[in-house]
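Notes follow the structure.
Atoms considered below: every heavy atom in the structure, side chains included; atoms not considered: hydrogens, waters and symmetry mates. Letters A, B, ... are given to chains in the order of the sequence lines, protein chains preceding strands, and every chain is numbered from 1. Predicted, not measured: the structure shown is a model, and the values here were computed from it.
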Amino acid sequence: MKVKYKEFSGLNLPAIEKEILTKWEENDAFEKSVMLREGATPFVFYEGPPSANGMPGIHHVISRTLKDLVCRYKTMQGFQVKRKGGWDTHGLPVELGVEKMLGITKEDIGKKISVAEYNETCRKEVLKYKDKWDEITTKMGYWVDLNDPYITFDNKYIETLWWLLKRLYDKGLLYESVSIQPYSPAAGTGLSSHELNQPGTYKNVKDTSAVAMFKAVENEKSQFLFNSVINQPSPDIYFLAWTTTPWTLPSNLGLTAGPNIDYVLVKTYNPYTHLPVNVILAKALISKYFKPEGENGEFENYTENNKILPWKILAEFKGSELEGIQYEQLLSYPANSLKNILPLADEVPEPFRVLLADFVTTEDGTGIVHTAPAFGADDYKVGKKYNIGILTMVDRQGKFVDGLGEFSNRFVKNYKDEKGYEDVNVDISVKLKKENKAFKVEKYEHSYPHCWRTDKPILYYPLDAWFIKTTALKDRMVELNKTINWKPKSTGEGRFGNWLENMVDWNLSRSRYWGTPLPVWKTADGSEEKCIGSIEELISAAEEAKKLLGEAVNQHLSTADLDLHKPFVDEIVLVSESGKPMKRVPDLVDVWFDSGAMPYAQLHYPFENKDLIDAGKAFPADFIAEGVDQTRGWFYTLHALCVLLFDSVAYKTVVSNGLVLDKNGNKMSKRLGNVVDPFQTIEKFGADATRWYLITNASPWDNLKFDIGGIQEVQRKFFGTLYNTYQFFALYSNLDGFAFKEAYIPLDQRPEIDRWILSSLNSLVIRVTESMNDYEPTQAGRAIEEFVDEHLSNWYVRLCRRRFWKGEYGQDKICAYQTLYECLETVVRLMAPISPFFSDAVFHNLNAVTGRFNVESVHHTDFPKENKAAVDTLLEERMQLAQDASSLILSIRKKVNIKVRQPLQKVLIPVLNPQMKEQLLKVEDLIKSEVNVKEIEYITETEGFINKKIKPNFIALGKKLGSKMKAVTAALTAFTQNDISKFEKEGNFILQINGEPLTLNLTEVEISAEDIPGWSVASKGSLTVALDITVSDQLRKEGEAREFVNRIQNLRKDSGFEVTDRININIEENERLVNSINEYKNYICAEILADSIDFVPQILDGGTEIEINDIPLHVSVIKKS
RNA sequence: AGAUCCGUAGCUCAGCCUGGUUAGAGCACUACACUGAUAAUGUAGGGGUCAGCAGUUCAAAUCUGCUCGGGUCUACCA
């Protein structure tokens, strides 16, 4: 028996997928898909490692679908695409998870639990959900190599990181410096930004805020200001600067103004001392300190009892004019004297000057920012730029240092829960008030970050940290970024581009436990340091230390069970050039370094696989994809490290996909309970429907509103249609034994409709290929959808049904089979990257019979190549015409209530030009059979018969006419039928516009048929049809015959006859139908496979009663045995 | 606060780059039809201040500016 096309017993995607999965596993389909391309050009893909200590969510499914479909597509395009999986295993989330699990805090590490035990727990916990991840990977059909993944805690991985760090170190790009970080004096530890983002850390608190007065120094730079105060009551000028943290004032070293902000010099009185003063502040903020009625008030009669301060603007200027003006230190003590100011650069600091920076606003304060480089990141940055030095008048416990007079050793906030703590900020403000140095002191409520463990306010504090000098190669990074193909473009130019422009050095240090240790060893005095770049180097350095420093050192060191984590590496002591012992600096490396170094570390470069990187075989990546939230994460660290170390891009194309929101557009979160479980979704609807939905519903970079209903729709609409089409094909092919054994019938020997669908198919191949090459899978998917639904199923198959079940297995049938087969086979290969399961299932079924491909899976075939010769644009156009015409005629039938089975005599179609007629003629038969009409008449000479309308061709006329457009439109609207036909006959028309002649030609207008008086008419665009709705006697009879055929076919079906069974029919005599049936007997018999139709006086068992156009009729249908 | 994306029918989305006169599709809804693809299908109908305002233009969903709303990232500040 011949092999048959397997017919599905129902569209059960999850079940089909399970079968396919088994097949893939049995055949090692994934491995084979890579192996089959051995020697081919590599297409390099990097997998961004997920962290396996969290459950996979639906948002992982979208980015992995994207990655998978590109890799599958490129494989089918002939590239070899290796996909090494990986796990991100270090970092704070892991540590916090473990701490929560063990019920400990960071302080307990090393006390309640040893560092070794703690890290061991992290190591185990981090792969907690690995099984779940493997499961989702398999079930969603993500092909990635999970047998040999890279793991960031692996010694080999870390060794590469060390090698890279050393290279940075040798290039002078790794350095130690202070940075301003959130710091909790109460807990005695720095906080990561992640910790600062814990819920509840920002609290509204009331603090004493002060507007302090900084006295300007008169010299050349400030002369223009002092010129304005000559002859004024006070010769002094003060800058006003606001602070909510008066404790930072003793550390003040600068005042920062905005270069484009307008400032004013105001003559007034100090509201506390009532002394005359001149102050500078932003013009926009005058109203915050002065009442309008006080402007130009009475200065002479001012006394301390006056409620309203008189004030007067003496001068106005831009912030940029203030740059460099000096002022006197606000609060001078021995501790903050000039000699105690530490430099921020190599030169001697020049403090107490006005600086300029863009971060200054006029929303709060005075428009002049008190700048203490130690206690604010912005302050530090601008302070460094202007080299004003740094003063840190607060120690790590949060109290003032010695040598600050009455403030010495006082806590700047109540960190110790002291009873009767007196707020030092209040005392400072009081002192300023008394000394004519405060202009306004008040309580101010604002939100301020607090330590999430101690609930005490944090400070920003300078801490030692290791940095990568990314700014050194900023320009190169910007330049190389321009060569990267970003999808969408705006992320690369906007979000990422801006980020690069405003780049700061990368703070690498983390004072945690579970991470890659920084491989730097230092002597106790810090004078000598050494960076280690490999395990071998570490071992030999340790051996040397052992030799020089004695046997007690590095006793337990062995190559065999070396672990490059804390606490083991910390136990290793090295020896300096001068023979001193060196200990490792305690810092760990930011986890983002782990992932950014993944291109090299996954290959254990350069210790192994050196060639893969150096010869560019696995580097840089052709393609990566992750969520848009990785823009400043992984995308950045990959780029930064690569530019710094290899002067190259790390990836040529990057797709950043948007977020998955719930159906209402809210972010999915466990708290809201709107998280979609990907396991359930795939279990219920199948991975294919889910993938198809995720890809075609919205562009990957748009946020996706995830709606289960959408998946159901995809399943029904797209997969259901494709399924039906395949089932239809399989049903008849199996009957006819079609196995594509006959020679391929040349296109020119196939009927019009076959050539049309094949043309359409090849156009589709072109479109899909273009879209996929352009990383626009959404466009590709939608195009496939449209083809399957609109063209293949709803037109080709519908129109060709008869060809499949009617007649002998001859040329026309074979044409139909070959055509439909080719469509199915091609579509399945086109969609394989997006929906890998169902496509493979259908492919298997097809190929099992025909064996046209010598492969085990659709994923081992090549992507379809377009056959340009098959594309016939005119053909596709006229088929569209046929579809439109049919649809119009059907709508008329509907309107006048004549069913399609009732034949009608004639359709009129006005043709506007010869091309249109030519096109219509070629599809005339299609239209006629589709709408059951006997003839089509084309009318060209139409005057008096068709009403035409005319309107301007705006695109053509717009440029020519400009503002006359309106008048012309009006003139054309007023055209009579005579005007139009005159225009058509003569080819041009002279209009009078505003008394001037204006010649229009036919290409500048659009003429269309509007109406045919006395006919039933419908139109769409330039196509108009008119239907003759008269049903003559002859037509009625034919209609009845068709109706009869239909009823008998139903009976056959209801009786469960085979499609090929032959029958005999008896009809109880019926006067009204006898003529119709006899007249069309031959036709009827052929349709229903009847050998006889006889009228009998009475049917013995009564037969079956049917109705033909409301006429009851008794028949009996007997199957011939 | 800055950057960026988004806002078109009840819902999901096209159209916008390159301005052109009835703003489309699918789903849902209503009615009718079809029935040897039937867990399908066709036809028709209702449903839109294209977020708002202003500008450019003969012409704006489309270009520009501002505002509002939503998302994300970054920053958190005197």
Tell me every residue that passes ring pair (Phe, Tyr, Trp, His ring centres under 6.0 Å) with [X], counting only those two or more places apart in sequence or in another chain.
X	answer
A/Tyr380	none
A/Phe214	A/Tyr327
A/Phe496	A/Trp486, A/His639
A/Tyr636	A/Trp499

side-chain hydrogen bond (donor to acceptor under 3.5 Å, both in side chains) partners for [X], two or more places apart:
X	value
A/Lys487	A/Glu776
A/Arg767	none
A/Asp505	A/Tyr175, A/Thr471
A/Gln181	A/Ser179

Practice problem: Give the rounded distance in Å between these two atoms: CG of A/Asn507 and P of B/rA75. | Solution: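 These atoms are roughly 11 Å apart.
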Self-check item: Separation of atom NE2 in A/His59 from atom P in B/rC73, rounded to whole Å
Solution: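 Rounded to whole Å, this separation is 12 Å.
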Using the [atom1] atoms only, state how far [M] lies from [N], rounded to an integer number of Å.
N	M	atom1	result
B/rG7	B/rC50	C1'	10 Å
B/rA39	B/rG69	C1'	42 Å
B/rU49	B/rA23	C1'	14 Å
B/rA61	B/rG24	C1'	12 Å
B/rG2	B/rG20	C1'	39 Å

Quiz prompt | For the student: nearest non-hydrogen atoms of A/Thr248 and A/Ala372, plus distance | solution =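 The pair with the smallest heavy-atom distance is O-CB, 3.8 Å.
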Quiz item: Given B/rA14, B/rA37, B/rC27, which nucleotide is nearest the side-chain atoms of A/Arg782?
Solution: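 Between B/rA14, B/rA37, B/rC27, the one nearest the side chain of A/Arg782 would be B/rA14.
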Exercise. Consider the side chain of A/Asn697, meaning its heavy atoms from C-beta on, and name the nucleotide among B/rG26, B/rA37, B/rC13 that approaches it most closely.
Key: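 So the nucleotide nearest the side chain must be B/rC13.
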Polar atoms only, N or O, under 3.5 Å: list the protein pairs with nucleotides 58-62 of chain B and their distances.
unit_1, atom_1, unit_2, atom_2, d
B/rC58, N1, A/Gly962, O, 3.0

Quiz item: Mind checking what makes side-chain contact (heavy atoms from CB on, under 4.5 Å) contact with A/Ala816, not counting sequence neighbours?
Solution: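 In terms of side-chain contact (heavy atoms from CB on, under 4.5 Å), with neighbours along the sequence ignored, A/Ala816 is linked to A/Tyr796, A/Arg803, A/Phe804.
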Practice problem: On RNA chain B, check which nucleotide each of A/Asp379 and A/Ile1048 is closest to and give me the residue with the more 5' one. | Solution: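 Its nearest nucleotide being more 5', the pick is A/Ile1048.
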Practice problem: Have a look at A/Tyr732 and say if it touches a base, only the backbone sugar-phosphate, or nothing, with a 4.0 Å heavy-atom cut-off. | Solution: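 Result for A/Tyr732 = sugar-phosphate.
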Exercise. Check every strand shown and say whether A/Asn1046 touches a base, only sugar-phosphate, or nothing at a heavy-atom separation below 4.0 Å.
Key: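 Here A/Asn1046 touches the backbone only, sparing every base.
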Quiz prompt | Nucleic acid footprint by protein, nucleotides 39-48 of chain B - heavy-atom cut-off 4.0 Å, B for base, S for sugar-phosphate alone | solution = -SSSSS----
Quiz item: In terms of side-chain geometry, is the basic nitrogen of A/Glu1043 or A/Arg1047 positioned less than 4.0 Å from the acidic oxygen of its partner?
Solution: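 Looking at A/Arg1047 together with A/Glu1043, the answer is yes, because their closest N to O distance falls below 4.0 Å.
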Practice problem: Give the stems involving RNA chain B, where a stem is 3 or more consecutive Watson-Crick or G-U wobble pairs (i with j, i+1 with j-1, and so on) under 3.5 Å. | Solution: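 Stems (3+ consecutive pairs) listed as B:1-7 with B:68-74, B:10-13 with B:24-27, B:29-33 with B:41-45, B:51-55 with B:63-67.
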